[in-house]
Amino acid sequence: MKSLLAICLLAASTVLRPGLLAAAADLDPLVALAARYESGGSAEPLRQFEQLLRESGGDPKARAELEEALIRLLAPDTTFEAKRFACTHLAVHGSEAALPALAELLKREETAGIACLALGNLSSAKAGDQLRAALPEAKGAVRLQIVSALGRRAEAASVQPLARLARDADAAVAAAAIRALGSIDAAAARDVMASLRREARPAVAAAVADASLNGAEQLAASGDRAGASSVCEELLKATCLTHIRRGALGLLLRCDTDGGARRIGQTLEAAPPDAALVAVAIARIPELRGADVSKTFGAALPRLPPQEQVLLLEALACRADADARAIIQAQIGAAEPGVRHAALTAVGTLEDASAVPLLARALAAAATPEEAKDVQLAMAGLRGGETTDRAIGTALRHAAAKDRPPLMTVLAKRGGDVAVATLLEHACEADECAAHAAAHALRRIADSGDSASLLALQAAVTGHDVRTREAALHALAAWRGVAAWDTLAGIYLKPENAAQHALALRGLVRIAGEGNAHPDAVLIGRYRQLLDGARNDDDRKLILCVLAGAGHPDALTLALPLLDVPGVRAEAVQAVERIAEAVKATHPDKAGDAIRKVKTAQAAH
Amino acid sequence: MRHGITQVTSRRGFLHGCLALAAAPMVVPGRVLGRDGGVAPSNRIVFGGIGIGNRARAILPNFLWSPEIQWVAVSDARADRLASAKALVDTHYGTPDCRAYGDFRDLLASKTIDAVLIATGNRWHAMASMFAAHAGKDIYCEKPISLTLGEGRRLVETCRRFGTIYQAGTQRRSTASYRFAREMVLQGKIGRVHTVESQVWATGTVLHEKAAPVPEGWNYDMWLGPVQWRPFVPGRVQNWTYFFDTGEGMHTDMGTHYTDQMQWVLGTDDTGPVEFETADIVWPDPVKCMSETALTGTFRCRYASGVNGVIYQRGAFKERYIRYIGDEGWIQVDDDTDIVTAHPASILGLRNRAGAGWDNASDHISNLLSSIRSRRPAMCHPEVAHRAQSIVGAMTISARLNRKLKWDPVKERFDNEDANRMMEREPRAPWCI
């Protein structure tokens, strides 16, 4: 008791409130309090118990004393919740000493569950003995509870009593016993299961199959592949449930010395195909080893229904060897749309520039917009970086007019230096359709916000060719986010011509307008920059229209002076009124002053 | 890819990766299956829902709007929720055909149902999943996938046995912001990662309350399910997250999203940390409160590689995040806003802003549907989900024992017997399989 007293003092001094020190020092009062615990009352005695248990870690004597205290909470006169609490902790801290008290709980339906909570975790074989001893007299839920606990303990000694219950007239009890037997890794349990399979009682067929599969896994884990396979062969029968058959095939494939190659072949060749098993077989193909695997299974492709062809192409794509890639590429022209889609998706994942001509032809032959999109997606995904971009550029130059816009879209999806340069080149073409498509593709890039493409456009906008500069500026003016601001602002302030100035301004006010949702000093600085660079009232009108949406007090400072500019007064009035309305709650003085100035300006003019 | 970050992927490589992710594994498109651009009814994957409470109602539209899914049944232990779930599905389809089951076992017995959404309370997640797997159904299960480590391992084994396709609802793996952060780490943009830090919110408490009659229309026995029986107490039932046998607390519930991300980024999906420790845990005042789980605290783990993981349970709901910290910078995803921040900030220029946020699970569901057809594992398959869940589960055990724990991720055993025994909890019959 001395060691426990020391722990109590330690626990009390570190965790418990000072007032509880005396109670913690002596377990009797603590047990007395905990024994009366019911929902609604203080949980302090329970938490105190837990603290003591935590602190007793390295002290066997203290642990024994605490276990004894927990056992006292199982006495007949304690509340159910006290017993439940005690069992929860005996599950972790209990020993054989708790068995007699737990045996009593096991007899009653209302406490059998919590007794099993503790018994299930006791490592002593005597806990299993106690559960087995209680089994013959147990009824209803208690019996199921004990069967469950025996299954989880998985002791060989439980085989016989569970085998008796496996033939119980109550199907629920029989099924529970059968599943419990299945969890016992013992030859005797598997022998019982073999008998049950032969008996073939429909009411417990699912449980027998479950448990048999479990037994087969145990055999496989122990190295008895032949034994496991033998059970699984039985479970593959068409009369078994689909998931049992899938599980059995999966285990068979894992057990087969060739990794399952032969069996997969047989499954694919079955006529008619066994829908429950084909997908499982195909799913294994990526893991098979061997030089000819892809070629072998690729040969099965024509015999399979379209959905299975799709799965096989996916599996071959996972293998990604030369044979697999050749088979996949050949299916780009398949008659079934789904198979074509699968092949295109795989090509897009696996291939590089070398696949561009093939995909360009597929694009030209695409019968529907959906199919063309599949090809585009595949091209957009091709590996190979700029080499592939150049190959697409070459294909673009040789493509028929109708195929050029989709190829440009592909370049837009890929982005980067080469794609941007190629699109700029086509944006300057004399062919209006091509130029329009290229400009559209550049706007897609602008919307993607791709940083590599932005760098390419920023370089192009200061290049030698006038038309290229103009096309690049159009794209930059549509650029998503603020990343293009500085470039556009530079052009706005020092344009080569009026058109450049106007275009840059358009882009800048769009960016500024997007910033109105979160107006801050940076945004106000941007508006100031715009107003400083404005060349005429048309510029100012445009800027004022957007500035009106900037709910920031400093926006008033920018707009108010323009009340005195006759050419933009109407826009300035509108802007000041809207900004003042937006900021009046936070800056009533500034808003009020601004509105007075508006009225003064209106009165004066 | 390991977190050693020696491989540098180009922007183009990243784009390629994204496209590959988007494209493969492939969802068989509608036109493959139907003739009019839709999915032929016979080829739709038929779903039922188990547990249709708040979370299910949030995610259900993502399922219902998938043309590849036909939703035919719902079940719930509460009659009010069952009725409203049926109404929701019926309204969507414009028919009165959605079947409503008071007992999920009847739903699972339906041979027409291929797959189920499990969105019960946490206490049921693993057990309902195992019931479903035994019934031959494929599964989308909300996180956390289990409440004990032993239960999680059994779930993995059960799904493997039947070849069950299972997707854990840790949908941030399918979220653009998180994928971007991962890619940046894998590309070495922040150097070698040494710490993964995350934050969930500080939780409230539940005051003591006496037992009350079970409300009309509740099947409380089924609601409790595998949890050993205890009286119906409204505050405890409504706030089940804050009790160890029904929820295990917020760092476990929400934290598993972040440990899942950490595992994904570190390339440790089939293993886990080797050490767990907690600090600064603040427990509820037992005089006033019946809730049991920590209010705030720091939960740490360490991998054999030396990488540290930490979950802070503190602050407000909106302040949750995950941050990868490397020796050359960091990158962070703010969960509430989906905003990514980084140092150096130039990393952010590489982001393609397309993609849905975490609150849209459509991509995650599409990944499941693709896997159901191909019978290949889904992105968050049971082993992945169990390993992520094991981390927060082990942190909980460390906190409850107030002890630093070493963990063998191969044998899945602690260096402490009390901790090992806390990995298991006997479920209540008949709510176990």
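It should be emphasised that the depicted structure is a prediction, and the values quoted were computed from it without experimental measurement. Letters A, B, ... are given to chains in the order of the sequence lines, protein chains preceding strands, and every chain is numbered from 1.
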Of all the heavy-atom pairs spanning [X] and [Y], show the shortest one and how long it is.
| X | Y | answer |
| --- | --- | --- |
| B:W229 | A:F80 | O-CE2, 3.1 Å |
| A:L311 | B:R373 | CD1-O, 3.4 Å |
| B:A429 | A:Q145 | N-OE1, 2.8 Å |

Task: Exercise: do B:E209 and A:S39 side chains pair donor with acceptor under 3.5 Å - done: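 No.
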Open item on the list: Is it the case that the side chains of A:Q307 and B:N43 hold a donor-acceptor pair, with the cut-off being a distance below 3.5 Å and no angle test?
Closed with: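 Yes, side-chain donor-acceptor contact under 3.5 Å.
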Can any side-chain N or O of [X] pair as donor or acceptor with the backbone N or O of [Y] at less than 3.5 Å?
| X | Y | value |
| --- | --- | --- |
| A:H243 | B:F162 | no |
| B:R375 | A:A281 | no |
| B:R421 | A:A91 | yes |

Open item on the list: Regarding B:E424 and A:R152, does a basic nitrogen lie under 4.0 Å from an acidic carboxylate oxygen?
Closed with: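 Yes, B:E424 and A:R152 are salt-bridged.
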Rounded to the nearest 0.5 Å, what's the gap from [atom1] on [X] to [atom2] on [Y]? Could you check?
| X | Y | atom1 | atom2 | result |
| --- | --- | --- | --- | --- |
| A:R54 | B:D418 | CZ | CG | 12.0 Å |
| B:E157 | A:S183 | CD | OG | 10.5 Å |
| B:R230 | A:T88 | CZ | OG1 | 8.0 Å |
| B:C432 | A:R179 | SG | CZ | 11.0 Å |
| A:E308 | B:S374 | CD | OG | 11.5 Å |

Open item on the list: Working note: B:D245 + A:R84, criterion salt bridge (Lys or Arg N to Asp or Glu O under 4.0 Å); need CA distance, chi angles, decisive distance, verdict.
Closed with: CA-CA 12 Å; B:D245 54 4; A:R84 187 185 192 277; 2.6 Å; yes
Side chain, backbone, both or neither of [X] within contact of chain B (heavy atoms, under 4.5 Å):
| X | value |
| --- | --- |
| A:L454 | neither |
| A:L251 | neither |
| A:I114 | both |
| A:R254 | side chain |
| A:T242 | neither |
| A:C87 | neither |
| A:A149 | both |

Below 4.5 Å from any heavy atom of chain A, which atoms of [X] appear? Answer side chain, backbone, both or neither.
| X | result |
| --- | --- |
| B:I433 | side chain |
| B:P284 | neither |
| B:A419 | neither |

Open item on the list: The test is salt bridge (Lys or Arg N to Asp or Glu O under 4.0 Å); show your working for B:R376 and A:E314 and say whether it passes.
Closed with: CA-CA 10 Å; B:R376 291 208 301 266; A:E314 287 179 24; 3.2 Å; yes
If you count heavy-atom pairs under 4.5 Å with chain A, which of [options] comes out on top?
| options | answer |
| --- | --- |
| B:A133, B:G163, B:P231 | B:P231 |
| B:R400, B:M290, B:H134 | B:H134 |
| B:R403, B:K288, B:M423, B:R160 | B:R160 |
| B:K111, B:K137, B:R154, B:E292 | B:R154 |

Open item on the list: Counting C-beta onward and ignoring hydrogens, is there a side-chain heavy-atom pair between B:N402 and A:E55 closer than 4.5 Å?
Closed with: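 B:N402 vs A:E55: side chains touch.
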- [ ] Report the option among A:L119, A:L117, A:L144 that has the most heavy-atom pairs separated by less than 4.5 Å from atoms of chain B.
- [x]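 The candidate making the most pairs under 4.5 Å is A:L117.
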Task: Top contributor to chain B contacts, counting heavy-atom pairs under 4.5 Å, from A:G120, A:A248, A:C116, A:A315 - done: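 Looking at each option in turn, the highest pair count goes to A:C116.
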